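Since the model is a prediction, treat every value here as computed from it, not as a measurement. As a basis for the values below, the full set of heavy atoms in this structure was taken, side chains included, without hydrogen atoms, waters or symmetry mates.
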Amino acid sequence: MKLEHDWLDQDLPANVVLDEHVYLHSAYAFLHYRSTRPVGVRLGAHTAAYDTTMFDLGPSGVVEVGRYGLLNGPHFIANSRIVIGDYVYLSYEVYLADEPAPVSPTDPRYIRPRAQEAVEPSIVIGDDCWIGLRSVVLGGTRLGDGVIVGAGSVVRGVVAPYTIVAGNPAVPVGTVRPGEGPRTGSKPFRTRP
């Protein structure tokens with residue numbers, strides 16, 4: 001499939017799934033894409049992936065993004081599975097990496113079994129999360145719903161829901177709940193019925 005608006009005269013990889021009303025800037029996002037999984041990338045409905053978003057996935061790499069996501073130029077570097085919830089914002093130059101570099105499909109050090117069963121996620125980001133400019137999210141990270149990651153942070157490990165983390169390494173610096181904020185009636189996150 002070719003993107004109608006794309007400046008690059010290249011088809012998307014066959015194992016990329018775009019749900020309805022998805023915006024993807026260019027097939028250039030798959031320059032270093034080597035996933036051989038049945039579905040290597042899935043972008044949920046109403047998600048937008050802008051111009052510097054890159055999917056540098058190895059043979060076993062999978063990225064699943066939920067609905068209404070905003071990918072403002074993150075870089076996915078993985079040879080396992082990254083799962084991102086609904087209503088997530090990833091800022092410019094955010095790196096989500098479970099590998100130190102993009103993976104060559106011919107490098108025997110990185111070839112993993114390609115069984116069709118589900119691969120255990122190396123990074124999980126819950127719903128309603130915000131990850132700030134130039135942050136790094138490393139393998140083994142689990143962000144609960146509503147987590148905010150301050151700009152320039154390096155995150156590894158489990159972060160409880162509605163926690164604000166910042167720093168290198170990232171540490172909790174506060175909490176937030178839906179409806180809290182400096183403005184009356186502020187709702188920094190969508191609420192669930």
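Across all non-hydrogen atoms, the minimal contact from Gly69 to Thr47 is N-OG1, 3.0 Å. Residues Val149 and Ser135 share a closest heavy-atom pair of CG1-OG, 3.7 Å. Pairing each heavy atom of Ala49 with each of Leu43, the nearest pair is CB-CD1, 4.3 Å.
A parallel orientation is assigned to the rings of His46 and Tyr68, their planes being inclined by less than 30° (bins at 30° and 60°). Between Tyr23 and His5, the ring planes lie parallel to each other; the angle is under 30°, not in the 30° to 60° tilted range.
Between Asp9 and Lys2 there is a salt bridge, since a side-chain N of the basic residue sits under 4.0 Å from a carboxylate O of the acidic one.
Of the possible donor and acceptor atoms, none in the side chain of Asn15 sits under 3.5 Å from a partner among the backbone N and O of Pro38. The main-chain N or O of Arg37 is found under 3.5 Å from a side-chain atom of Ser35 such that the two form a donor-acceptor pair. The closest donor-acceptor contact from the side chain of Asp86 to the backbone of Arg67 lies under 3.5 Å. Judged by distance alone, with hydrogens and angles left aside, the side-chain atoms of Asp98 form no donor-acceptor pair with the main-chain N or O of Gly140 at under 3.5 Å. Between the Thr175 side chain and the Thr163 main chain, no donor and acceptor come within less than 3.5 Å of each other. Side chain of Ser91 to backbone of Asn72: no donor-acceptor contact under 3.5 angstrom is found.
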From CA spacing to verdict: side-chain contact (heavy atoms from CB on, under 4.5 Å), Asp127, Tyr87: CA-CA 6 Å; Asp127 293 344; Tyr87 296 91; 5.8 Å; no
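Under the 4.5 Å side-chain heavy-atom criterion for grouping Ile, Leu, Val, Met, Phe, Trp and Tyr, Leu3 is connected to Phe55 within one hydrophobic cluster. In this structure, Phe30 is a member of the same hydrophobic cluster as Met1, with clusters built from ILVMFWY side-chain heavy atoms closer than 4.5 Å. One hydrophobic cluster holds both Ile77 and Leu138 under the rule that ILVMFWY side chains link at heavy-atom gaps under 4.5 Å. Hydrophobic cluster membership is shared by Leu18 and Leu71, with clusters built from Ile, Leu, Val, Met, Phe, Trp and Tyr side chains linked at under 4.5 angstrom. Following chains of ILVMFWY side-chain contacts shorter than 4.5 Å, one can reach Val22 starting from Val88, so the two form part of one hydrophobic cluster.
Taking 4.5 Å as the limit, every side-chain heavy atom of Val176 sits out of range of all side-chain heavy atoms of Trp130. A heavy-atom distance below 4.5 Å is not found between the side chains of Val155 and Val147. Under the 4.5 Å side-chain criterion, counting only non-hydrogen atoms from C-beta, His25 is not in contact with Thr53. Between Val39 and Val62, the closest side-chain pair of non-hydrogen atoms is not below 4.5 Å. At least one side-chain heavy atom of Leu12 sits under 4.5 Å from a side-chain heavy atom of Leu24. Two residues are said to be in side-chain contact when any heavy atoms from C-beta on lie closer than 4.5 Å; Asn79 and Ser60 meet this criterion. In this structure, Leu90 and Val65 have side chains that are not in contact, with every pair of non-hydrogen atoms separated by 4.5 Å or more. Here the side chains of Val16 and Tyr33 are in contact, with some heavy-atom distance below 4.5 Å.
Within a 6.0 Å radius of OH in Tyr89, other residues, nucleotides and ligands contribute more than 12 heavy atoms.
With Leu143 as the partner, the side chain to side chain contact (heavy atoms under 4.5 Å, CB included) test is satisfied by one option alone out of Ile123, Ile125, Ile84, Val124: Ile125.
Distance check: Ser153 OG to Ile148 CD1 gives 11.5 Å after rounding to the nearest 0.5 Å. Here Tyr162 contributes atom OH and Cys129 contributes atom SG; the two are 8.5 Å apart, rounded to the nearest 0.5 Å. Between the CG atom of Leu57 and the CD1 atom of Ile82 there is a distance of 7.0 Å, given to the nearest 0.5 Å. In this structure, CG in Leu133 is found 9.5 Å from OH in Tyr92, a value given to the nearest 0.5 Å.
Looking at residues two or more places apart in sequence or on another chain, you find a salt bridge (Lys or Arg N to Asp or Glu O under 4.0 Å) between Arg134 and Glu93. With sequence neighbours excluded, the residues satisfying salt bridge (Lys or Arg N to Asp or Glu O under 4.0 Å) with Arg42 are Asp19.
Residue pairs meeting the salt bridge (Lys or Arg N to Asp or Glu O under 4.0 Å) criterion with at least one member in residues 148-160, sequence neighbours excluded, do not occur.
Looking at Asp56 and Tyr95, their side chains never bring a donor and an acceptor atom within 3.5 Å of each other.
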